[in-house]
Engineer: 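Pasting a structure below so you can have a look.
Worth saying up front: this structure is predicted, and the values here are computed from it rather than measured.
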Amino acid sequence: MTDGYQIQKSPRNVSRKIILLAGLAGIIAGAVAVYVMERPSGNIVASTNPSDQCTNKTDAAKKIDRAATGAVAAMRGADVPQSMSELTFTGPDGKPVRLVDFKGKTLLVNLWATWCLPCREEMPALDALETKKGGDDFQVVTVNIDTGDDAKPKAFLSEIGVKSLQLYRDPSMGVFNDLKRKNLAFGLPVTMLVDKEGCQIAAMNGPADWSSDDAARFIDAARATN
């Protein structure tokens with residue numbers, strides 16, 4: 001047992017607890033460390049690159065929005081899809097990685113921290129999704145934003161039994177702050193659907209049961225839309 005949580009739980013109990021935590025986080029947002037950053041002001045910042053194809057993907061975003069139901073209903077299609085190709089963090093080997101390096105794959109990108117209570121419940125579900133759906137055309141990319149070295153997040157993932165997710169990190173919180181400026185990140189966890197060309201097609205703040213059938217259908221729809 002770790003921090004009051006059992007490592008092994010039934011999918012139904014995990015889903016119920018994630019939904020409960022999502023509701024609780026919504027009530028106390030801005031008051032405690034679950035949602036630690038203020039909501040940014042201003043309009044969504046679209047890419048100014050004339051060659052950027054992302055802004056032309058509103059139809060794909062609308063299709064994805066309709067596919068988000070049940071346990072993942074909080075995932076909303078982007079009004080103005082944006083390029084995320086230049087987001088940079090470190091890979092499992094400690095070397096810099098950009099999202100453009102994943103070109104050709106549909107990505108579910110999730111930002112998390114060891115101190116984020118909803119993240120503790122969500123990470124095993126994301127791990128289950130990667131086990132079930134990960135492959136040549138889809139990957140769950142979870143980026144840890146704990147400061148300091150990787151000892152704590154590594155211990156955390158081992159502790160909760162994560163086996164399929166790789167450890168990507170950004171201890172500078174640069175990725176989170178970039179998403180915050182783009183009006184996509186209000187706190188943790190934050191999750192984005194990024195298509196094969198590096199375009200952010202949908203996003204959500206707060207946890208979801210990514211091990212659910214609703215999540216599997218959502219990912220299937222996302223891969224078909226790309």
Engineer: Scan residues 189-198 for pairs that pass side chain to side chain donor-acceptor pair (under 3.5 Å), counting only residues two or more places apart or in two chains.
Structural biologist: K57-D195, K57-E197, N110-T191
Engineer: Charged N to carboxylate O below 4.0 Å: is that the case for K62 and D65?
Structural biologist: no
Engineer: Would W210 and E122 count as having a side-chain donor-acceptor pair, cut-off 3.5 Å?
Structural biologist: yes
Engineer: On a heavy-atom basis, which atom in A78 and which in A61 lie closest, and how many Å separate them?
Structural biologist: O-CB, 3.3 Å
Engineer: For residues 116-146, pull every pair meeting ring-ring contact (aromatic ring centres under 6.0 Å, His included), keeping only residues two or more places apart or in separate chains.
Structural biologist: none
Engineer: Can you tell me how far apart OG1 (T142) and CG (L129) are? Round to the nearest 0.5 Å.
Structural biologist: 11.0 Å
Engineer: I'd like to know if V109 and V100 are part of one continuous hydrophobic network [Ile/Leu/Val/Met/Phe/Trp/Tyr, side-chain heavy atoms within less than 4.5 Å].
Structural biologist: no
Engineer: Do any pairs count as a disulfide bond (SG atoms under 2.5 Å apart) and have a residue in residues 138-182, sequence neighbours left out, and if so which ones?
Structural biologist: none
Engineer: Taking only residues two or more places apart in sequence, or in another chain, which ones meet D127 in a side-chain hydrogen bond (donor to acceptor under 3.5 Å, both in side chains)?
Structural biologist: none
Engineer: Where the side chain of N205 meets the backbone of A185, is there a donor-acceptor pair that is under 3.5 Å apart?
Structural biologist: no
Engineer: Before you tell me yes or no, could you show the steps for T58 and D79 under side-chain contact (heavy atoms from CB on, under 4.5 Å), namely the whole-Å CA-CA distance, both residues' side-chain angles and the distance that decides it to 0.1 Å?
Structural biologist: CA-CA 7 Å; T58 53; D79 291 331; over 6 Å; no
Engineer: With salt bridge (Lys or Arg N to Asp or Glu O under 4.0 Å) as the rule and sequence neighbours excluded, what pairs involving residues 128-140 come up?
Structural biologist: K133-D220, D137-R223
Engineer: Report all side-chain donor-acceptor pairs from residues 148-156 shorter than 3.5 Å, counting only partners two or more places apart or in another chain.
Structural biologist:
residue	atom	partner	partner atom	Å
D149	OD1	A151	N	3.1
D150	OD2	K154	NZ	3.4

Engineer: Of all residues at least two apart in sequence or in a different chain, which pass the side chain to side chain contact (heavy atoms under 4.5 Å, CB included) check with A128?
Structural biologist: S211
Engineer: Using the ring-ring contact (aromatic ring centres under 6.0 Å, His included) rule, collect all pairs that involve residues 53-100, keeping only residues at least two apart or in two chains.
Structural biologist: F89-Y168
Engineer: Can you sort out the partners of K105 under side-chain hydrogen bond (donor to acceptor under 3.5 Å, both in side chains), two or more places apart, ordered by chain and number?
Structural biologist: Q139
Engineer: Is a side-chain N or O of D101 found less than 3.5 angstrom from the main chain of R98, in a donor-acceptor match?
Structural biologist: yes
Engineer: Keeping the roles fixed (side chain from S212, backbone from A71), state whether a donor-acceptor pair exists under 3.5 Å.
Structural biologist: no
Engineer: Residues in side-chain hydrogen bond (donor to acceptor under 3.5 Å, both in side chains) with T131, at least two apart?
Structural biologist: S164
Engineer: Tell me, which pairs form a disulfide bond (SG atoms under 2.5 Å apart) where one or both residues lie in residues 146-185, sequence neighbours left out?
Structural biologist: none
Engineer: Does S172 have any side-chain hydrogen bond (donor to acceptor under 3.5 Å, both in side chains) partners at least two apart in sequence or in another chain, and if so, which?
Structural biologist: D170
Engineer: Please name the pair of heavy atoms, one in A203 and one in L184, separated by the smallest distance, quoted to 0.1 Å.
Structural biologist: CB-CD2, 4.2 Å
Engineer: Enter the distance from E121:CD to C116:SG here, rounded to the nearest 0.5 Å.
Structural biologist: 10.5 Å
